[in-house]
2 protein chains.
Amino acid sequence: MTDTAQNVFRALADPTRRDILRMLGRDAMTIGQVAGQFDMTRAAIKKHLTVLNDGGLITVEARGRERINKFNPAGLAPVLSWLEYFDRFWDDRLAALKTTIDKDTA
Amino acid sequence: MTDTAQNVFRALADPTRRDILRMLGRDAMTIGQVAGQFDMTRAAIKKHLTVLNDGGLITVEARGRERINKFNPAGLAPVLSWLEYFDRFWDDRLAALKTTIDKDTA
DNA sequence: TTGAAGTAAAACCAAATGGTGTCATATTAA
DNA sequence: TTAATATGACACCATTTGGTTTTACTTCAA
């Protein structure tokens, strides 16, 4: 396995992949289902899913001839870790994020 | 200017650029100073700084014949916004980030 | 004013990226 | 068994990316 953080940032660098991740955040989907939402071939979507999987952002579960792709929240951890380095620069902007977090963790 | 979020994620996709950003987070530097820290030509560094600037992650201030490159914390806002979408998935991991935030905002 | 320092900009190159189409394989259903 | 479905894997292509060299322009200092 290569550098984890790099794989995550690389995975997030493409807008299609970020959209796929949002979609999988709502519902787990097969490759075909994901492809149905984009004007792109299944092969292209499959490549994106591979990159997302390499970045640990999704998990793939085989079910018969289908592959269920699920969003993996833990995969975003490297991004959060990386962002923490800049904590001291954040003030009001981060405070806003903090409140949204509070709503969940309360 | 094209899509802001895309420019930010694209800027963060390269490890050299992430390293540069960390360096600029500690101290503002000229192109030459940044280049001195990497085994790479000034031209290459200049390109990276352009991408970081396009992403709004740094600001460049001319001083004589020098260009002072500064980290711009606000440039990371699109990343935070994008991450907020996944709030409901985060629990303990995000709680950790929350505590570090609390230390700053207290 | 002349030379050195700092940067900008352009031409160029190899490799990675994002897409396609095709074919093979495995599984479900008739 | 056979046909359709869902995916995997490969070859291929155009464009982008990350790097280099080279040249030119400003600005500082002697």
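Note on naming: letters A, B, ... go to the chains in the order of the sequence lines (proteins, then strands), and numbering restarts at 1 for each one.
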Using whole Å, what does the distance between atom C1' of nucleotide D:dA11 and atom NZ of A:Lys47 come to?
10 Å
For A:Arg10 and C:dT17, give me the distance from atom CZ to atom C1', rounded to whole Å.
7 Å
Which is more 5' along DNA chain C, the nucleotide nearest B:Thr30 or the one nearest A:Ala44? Just name the residue.
B:Thr30
Looking only at side-chain atoms of [X], point me to the closest of [options].
| X | options | answer |
| --- | --- | --- |
| A:His48 | C:dA5, D:dG18, C:dG18 | C:dG18 |
| A:Arg17 | C:dG18, D:dA6, C:dT20 | C:dG18 |
| B:Ile31 | C:dG6, C:dA8, C:dG18 | C:dA8 |
| A:Ala43 | C:dG6, D:dT7, C:dG21 | C:dG21 |
| A:Arg65 | C:dG19, D:dA6, D:dT27 | D:dA6 |
| A:Thr16 | C:dG19, C:dT7, D:dT17 | C:dG19 |

In the structure I gave you, are the side-chain heavy atoms of A:Lys70 and A:Ile58 within less than 4.5 Å of one another anywhere?
no
Taking only N and O in the side chain of A:Thr41, is any of them less than 4.0 Å away from OP1 or OP2 of C:dT20?
yes
Do any side-chain nitrogens or oxygens of B:Lys46 fall under 4.0 Å of OP1 or OP2 in C:dA8?
yes
Any N or O donor-acceptor pair linking the side chain of B:Arg67 to the base of C:dT7 at under 3.5 Å?
no
